[in-house]
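Structure first, commentary second.
First the proteins, then the strands, lettered A, B, ... as listed; each starts at 1.
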There are 2 protein chains.
Amino acid sequence: MGPSDEIVIGPNIMQEHRHSDLPISGEGLLFLTDDQLRKGIEAMFFAYRGFTADPDLILETLSYGRAHHRAVHFICRSPGTTVNNLLDILGVTKQSLNRVLRTLVNDGLVESRIGPQDKRERHLYLTERGRQLEQELSEAQRTRMRAAYRAAGPEAVQGFRRVLEHIMDPQMRKFLKHMRDGG
Amino acid sequence: MGPSDEIVIGPNIMQEHRHSDLPISGEGLLFLTDDQLRKGIEAMFFAYRGFTADPDLILETLSYGRAHHRAVHFICRSPGTTVNNLLDILGVTKQSLNRVLRTLVNDGLVESRIGPQDKRERHLYLTERGRQLEQELSEAQRTRMRAAYRAAGPEAVQGFRRVLEHIMDPQMRKFLKHMRDGG
DNA sequence: ATTTTATGTCAGTCTTGTTGACTTTCCAAG
DNA sequence: CTTGGAAAGTCAACAAGACTGACATAAAAT
């Protein structure tokens with residue numbers, strides 16, 4: 001942190017964008033005001049930074065980045081998945097993913113097997129070392145999440161998940177649901 | 001999406017990392033299992049993508065990036081803030097922030113005034129055009145959040161905020177609280 | 001007068017995204 | 001059977017945006 005250890009972002013002049021803040025009715029729609037939304041947006045921003053902070057520290061020591069973490073995570077989650085599946089999930093170009101996968105394969109963390117039916121496909125698996133790294137990364141991330149869950153309580157967690165699922169694009173929600181049913 | 005419009009990430013083999021999943025007691029600690037945590041982690045990942053998707057579309061047309069959005073957001077929120085304050089909040093280097101601020105000032109979206117008391121400081125303000133862009137960006141983002149909030153309901157929103165605040169680093173939580181008291 | 005602070009700049013690197021061009025493989029229509 | 005297109009993956013080059021390090025300037029603090 002800075003020298004003051006206390007962030008004070010200028011005089012506390014809150015902008016009043018009230019155009020859609022009018023409580024349409026007298027009831028409990030206060031949680032939909034622009035001000036409430038802004039707080040949620042900022043919370044999302046700061047929380048995501050915390051969310052990635054702990055794995056980032058580990059990745060840095062290996063000169064890997066978040067892209068590597070994401071690849072390893074989803075390969076661990078669904079061993080044998082193809083590059084194309086991964087592309088849909090990660091939402092990046094195949095060239096971008098390929099660079100990451102190449103380093104992971106070269107470093108002996110991921111194994112890429114030619115598809116038994118369709119030889120164009122590559123099926124991806126973690127090696128033992130890959131599983132080790134994945135464990136280390138996700139345990140770091142889980143530790144923070146576990147603390148947050150515990151502090152917030154089960155009902156808050158349910159709300160958390162509920163809102164997140166409505167923020168994401170529908171295909172992704174569908175994807176998560178699909179996995180949930182299977183798991 | 002892809003041609004299939006349906007993401008199927010390989011055979012649905014769920015890894016069972018049960019080492020800390022043992023329900024310590026028979027009570028309601030099920031929300032702390034590794035599996036629940038993994039679902040939360042993935043939800044966070046997908047939701048954050050949705051969270052940034054709409055502003056990104058607007059930014060692209062202007063050849064700006066998320067960095068510009070963040071700067072404009074926090075300058076709008078706290079007009080007159082200094083560069084140093086912004087650095088603490090955004091958590092980037094001054095070189096990185098400076099590149100963004102320079103383009104915003106050159107493009108006439110941000111005004112940088114020499115501090116009245118301390119002439120070393122630069123106080124940052126949005127111009128009229130800057131405010132317009134900020135409105136456009138945050139309205140795009142709020143629209144998605146509003147829909148999610150409405151769909152999830154007020155209790156879920158409360159839980160959402162509660163968990164997010166526990167995920168972020170304490171300084172950031174303090175910062176948000178500080179602003180909340182003032183607003 | 002010296003040091004510290006706030007800001008800005010230049011140069012160079014790294015990660016991770018992009019597009020374009022290419023090979024290999026598969027499948028289906030002629 | 002062949003051929004042409006689609007799909008999967010790879011290589012090369014480029015851009016955004018983060019980073020570090022070195023340095024400059026001005027003003028405040030000591």
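- Counting only heavy atoms from C-beta on, N84(A) has its side chain closest to dA8(D) among dG9(D), dA8(D), dG17(C).
- Rounded to whole Å, the distance from CZ on R113(A) to C1' on dG9(D) is 18 Å.
- With dT16(C), dC26(C), dT5(C) as the candidates, the nucleotide lying closest to the side chain of S96(A) is dT16(C).
- In this structure, R49(B) atom CZ and dG17(C) atom P are separated by 10 Å, rounded to whole Å.
- Summarising the geometry, the separation between CG on L87(A) and C1' on dA8(D) is reported as 9 Å, rounded to the nearest angstrom.
- In this structure, R70(A) fails the cation-pi test against F45(B), since its NZ or CZ atom is not both closer than 6.0 Å to the six-membered ring centre and inside 45 degrees of the ring normal.
- Ring centroid separation for the pair F51(A) and Y48(B) does not come in under the 6.0 Å cut-off.
- If you take CG of L104(A) and P of dT10(D), they are 13 Å apart, rounded to a whole angstrom.
- Residue H68(B) holds its NE2 atom at 9.0 Å from CG of L101(B), rounded to the nearest 0.5 Å.
- The distance between atom CG of L97(B) and atom C1' of dT20(D), rounded to the nearest whole Å, is 16 Å.
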Applying side-chain contact (heavy atoms from CB on, under 4.5 Å), run through R146(A) and T143(A) and close with a yes or a no. CA-CA 5 Å; R146(A) 194 155 27 224; T143(A) 296; 4.0 Å; yes

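- The phosphate of dT16(C) has OP1 or OP2 within less than 4.0 Å of a side-chain N or O from H68(A).
- Projected onto DNA chain C by closest heavy-atom contact, G91(A) and S63(A) fall at different nucleotides, the more 5' of which corresponds to S63(A).
- Rounded to an integer number of Å, the gap from CZ of R66(A) to C1' of dA16(D) is 15 Å.
- The shortest distance between the side-chain N/O atoms of T93(B) and the OP1/OP2 oxygens of dC19(D) is below 4.0 Å.
- A donor-acceptor contact shorter than 3.5 Å links the side chain of T61(A) to the backbone of I58(A).
- Separating the CG atom of L59(A) from the C1' atom of dA18(D) is a distance of 15 Å, rounded to the nearest angstrom.
- OP1 or OP2 of dT9(C) sits under 4.0 Å from a side-chain N or O of R102(B).
- In terms of phosphate contacts, R70(B) brings a side-chain nitrogen or oxygen within less than 4.0 Å of OP1 or OP2 of dA18(D).
- Not one side-chain nitrogen or oxygen of R120(B) sits closer than 4.0 Å to the OP1 or OP2 atom of dT4(C).
- If you check every strand for non-hydrogen atoms under 4.0 Å, Q117(B) touches sugar and phosphate atoms only.
- Because its NZ or CZ atom is not both nearer than 6.0 Å to the ring centre of F160(B) and within 45° of the ring axis, R162(A) does not count as a cation-pi partner of that residue.
- Of all nucleotides listed (dA22(D), dA18(D), dA21(C)), dA21(C) comes nearest to the side chain of Q95(A).
- Distance, D56(A) CG to dT15(C) P: 13 Å, rounded to whole Å.
- For the pair R99(B) and K94(B), both in contact range of DNA chain D, the more 5′-proximal nearest nucleotide belongs to R99(B).
- Comparing atom distances between the D118(B) side chain and each of dG9(D), dC26(C), dA28(D) picks out dA28(D) as nearest.
- Heavy-atom nearest nucleotides on DNA chain D were determined for P116(B) and for E121(A), and the one closer to the 5' end corresponds to E121(A).
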